[in-house]
Every structure is written in structure tokens, then in C-alpha cells.
Amino acid sequence: MQSEKTTEQLKRVKLDDSWKYPLVDSLTGARMQHLKEFLKTQQQQNKLIYPPNAQIFRALNETPLSEVKAVILGQDPYHGVGQANGLSFSVNKGIDLPPSLRNIYHELKTDLDINPPRHGDLSAWAKQGVLLLNSVLTVERAQPASHQKQGWEEFTDAVIDVINEQRQSVVFILWGAYAQRKGQRIDTQKHLVLKAAHPSPLSANRGGFFGCKVFSKTNEYLIQHGIEPINWQLDA
């Protein structure tokens, strides 16, 4: 049974119920309290934090636990003005495409012959069950990795654990060493783990990203397990 204090804490969390209750210990524990205090202090110091507060849990709210078919794991949000929108690798329409997303689109074209749109809004993937999750959910403007080791990593570890335990036949797409280390907790007997180099220009151009064919491999696996595949085509 949850205590009244825990129940009140959960009421204040703007998070889809499918995630809220499996994650209750992470949401109400000491590490999350530390994280809240850290973010409060940052805001009191007039630091610009991305994404906006209402979008911090957007990845989880766009893709309820019961609908997760695939996970694309990023590191931390984009730190440029107007870029971060709560979905890993995604930016809102009207924002210039970041280099990593350009490379993702290039691989999409090579893999499935899908012509990418000019925008970077990946919410259509999220609505189909692709959890676009960053390992760290906030960042200070122009300060990459500035919110690492404050508690987000433990929270998103818990998210992965919940998927790992409560879902079956999910595809985890892990680009780069950071995501792959975080993915070591995944049960490969229950799920498919696809690994490749990170799509950032520095990593992708060294080899290991282009030609990884994660989009077609994801759909092949989903179909094999009786799950509706992802329509990776994004509206123009």
C-alpha cells in the first residue's frame, strides 16, 4: 500500500499513469528529490534549462508503457536554443536539422528508400510505439552533459528495467558506446538489441553507423513476433 505522502507526490508528477505507478520508487525516492532540488537551484540562478518543464517527460507521455515496440536511446537533450523537445534526436518543425538527425535520415533513405522530410519532428514515431528516450532528460543551454550524474541516469535505468520486465519482444536501438553500456541490463532472451555507432558526424564517419539497417531489422523482428511494424515514413 502506498502512503498518503507517496500518493500526494505522485499526483504532482505530470506523467502517464502507465509509467507513473511502475516507477513509483524512482519518482519518490531520495535521488529524485535531489534532482528536483538541483533543477530548482538551476532555475533560481536564472539558467536556461532545456527542454521546457512541460516536455521533460514527453517521451514517456507520448509512448505509454503498453504501447512500447522499440526504444531509441539518446544521451542528453540538444543544448541549442529551441532544439530540445523531450524526444531523443527530435526537434520541432521549423528548427534546423541537427547533424545527427541528418545522418539518421540518410540511413533511413539507404535502408528503406524513404525520402526524409525537411523537418525533424519524430513524434509520429513516438505515437506508433517508438520510445524516444534520452538517458538524461534535461540540460543547461550551451552546456552539453551539464545535468549528468544528478539522478536522471538512475531514473532512466528504471524505465529500461520496467520495459525489460513488463514488456515482451521490444527492439532496443543503441547507438554509440554510452547507450550500449546503459543497455547491458536488457534481457536479450526476451528482446532484440541492435547496436551501431552513434549518428553524430564524428562517430558516423568513422564507420559503423551507415549501413546498420536498424529500421528494416526492427520491422523484420516485430513482424516475426506478430507485432505491427513501424511506419518510418514521416509526413513531409
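These numbers come from a predicted model, not from an experiment. All heavy atoms count here, side chains included; hydrogens, waters and symmetry mates do not. Heads up: numbering here begins at 1 and tracks the sequence.
Taking every heavy atom of both residues into account, P144 and H79 meet most closely at CB-CD2, 3.6 Å. Pairing each heavy atom of E140 with each of H147, the nearest pair is N-NE2, 3.8 Å. Nearest heavy atom pair, residue E153 against residue V136, reads OE2-CG2, 3.6 Å. Here the closest non-hydrogen pair linking P77 and P51 is CG-CD, 4.1 Å. Here the closest heavy-atom approach between residue S200 and residue S100 is recorded as CA-OG, 3.3 Å. Here the closest heavy-atom approach between residue V170 and residue V68 is recorded as CG2-O, 3.7 Å.
Looking at Q42, its side chain never comes within 3.5 Å of a backbone N or O of F38 through a donor-acceptor pair. Distance alone, capped at 3.5 Å, is enough to place a donor-acceptor pair between the K190 side chain and the E165 backbone. The backbone N or O of T63 lies less than 3.5 Å from no partner atom in the side chain of Q128, so there is not a single donor-acceptor pair. No donor-acceptor pair closer than 3.5 Å links the side chain of R185 to the backbone N or O of D161. A side-chain donor-acceptor contact under 3.5 Å links K20 to the backbone of V13. At distances below 3.5 Å, not a single donor-acceptor pair connects side-chain atoms of Q75 with backbone N or O atoms of N134. A donor-acceptor pair under 3.5 Å is formed between the side chain of S146 and the backbone N or O of Q143. Between the side chain of D111 and the main chain of S216, a donor-acceptor pair closer than 3.5 Å is present. S88 places a side-chain N or O within 3.5 Å of a backbone atom of I72 that can act as its donor or acceptor partner. The main-chain N or O of G74 is never found under 3.5 Å from a side-chain atom of W175 such that the two would form a donor-acceptor pair.
In the hydrophobic clustering of this structure, Y50 does not group with L35; members are Ile, Leu, Val, Met, Phe, Trp, Tyr whose side-chain heavy atoms approach within less than 4.5 Å, directly or through other members. Transitive grouping of hydrophobic side chains (ILVMFWY, heavy atoms separated by less than 4.5 Å) brings Y21 and L27 into a common cluster. If you chain together hydrophobic residues whose side chains sit under 4.5 Å apart, V81 and L97 never meet in one group. The cluster map of Ile, Leu, Val, Met, Phe, Trp and Tyr, joined by side-chain heavy atoms under 4.5 Å apart, puts L133 and L65 in the same cluster. With hydrophobic clusters built from ILVMFWY side chains whose heavy atoms lie under 4.5 angstrom apart, L112 shares a cluster with I104.
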(Q) Is there a side chain to side chain contact (heavy atoms under 4.5 Å, CB included) between E62 and K127? Walk through the geometry before answering. (A) CA-CA 6 Å; E62 291 270 9; K127 289 178 171 63; 3.1 Å; yes

**Q.** side chain to side chain contact (heavy atoms under 4.5 Å, CB included) assessment of L131 paired with I163
**A.** CA-CA 10 Å; L131 180 64; I163 299 169; 3.6 Å; yes

Q: Verify side chain to side chain contact (heavy atoms under 4.5 Å, CB included) between I114 and Y105, making sure each step is shown before the conclusion.
A: CA-CA 8 Å; I114 290 176; Y105 282 175; over 6 Å; no

Q.
Under the criterion side chain to side chain contact (heavy atoms under 4.5 Å, CB included), I'd like the reasoning laid out for C212 against L194: C-alpha separation, chi angles, the key distance, then a yes or no.
A. CA-CA 9 Å; C212 64; L194 298 176; over 6 Å; no

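Side-chain contact check for W232 versus N219: some heavy-atom pair is nearer than 4.5 Å. You'll find the side chain of K40 reaches within 4.5 Å of the side chain of Q44, heavy atoms only. When side chains are defined from C-beta on, P199 does not count as touching E107, because their heavy atoms never get closer than 4.5 Å. With a 4.5 Å cut-off on side-chain heavy atoms, T218 and V130 do not count as touching. The shortest side-chain heavy-atom distance between R102 and P201 does not fall under the 4.5 Å cut-off.
How far CG of D121 is from CG of D235: 9.0 Å, rounded to the nearest 0.5 Å. Here CG of N61 is found 11.5 Å from CD1 of I56. Values are rounded to the nearest 0.5 Å. A distance of 7.0 Å separates CG of L132 from OG of S90, quoted to the nearest 0.5 Å. Atom CD of Q55 is separated from atom CG of N53 by 10.0 Å, given to the nearest 0.5 angstrom. The distance from atom CG of L234 to atom CG of N115, rounded to the nearest 0.5 Å, is 11.5 Å. Of the inter-residue distances, the one linking R141 atom CZ with I49 atom CD1 reads 11.5 Å to the nearest 0.5 angstrom.
Heavy-atom neighbours of E228 CD from other residues, nucleotides or ligands within 6.0 Å: at or below the threshold of 12. Counted within 6.0 Å of CZ on R31, heavy atoms from surrounding residues, nucleotides or ligands total more than 12; the atom is thus considered enclosed. Few gaps surround NZ on K36; more than 12 heavy atoms of other groups in view lie less than 6.0 Å from it.
For F89 and H198, the ring centers are positioned less than 6.0 Å apart. Aromatic rings from F57 and W19 are positioned such that their centres are separated by 6.0 Å or more.
Contact check on K109 versus D113 returns a salt bridge, with a Lys/Arg side-chain nitrogen under 4.0 Å from an Asp/Glu carboxylate oxygen.
Counting only N and O atoms by type, the side chains of K182 and T156 include a donor and acceptor under 3.5 Å apart. Q150 and H34 form a side-chain donor-acceptor contact under 3.5 Å, judged by distance and modelled atom types alone.
Ring-plane geometry between W152 and F155 is classed as perpendicular, the angle between the planes exceeding 60 degrees on a 0 to 90 degree scale with a lower cut at 30.
Partners of I95 according to the side chain to side chain contact (heavy atoms under 4.5 Å, CB included) rule, which considers only residues two or more places apart in sequence or in another chain, are Q83, V91, N92.
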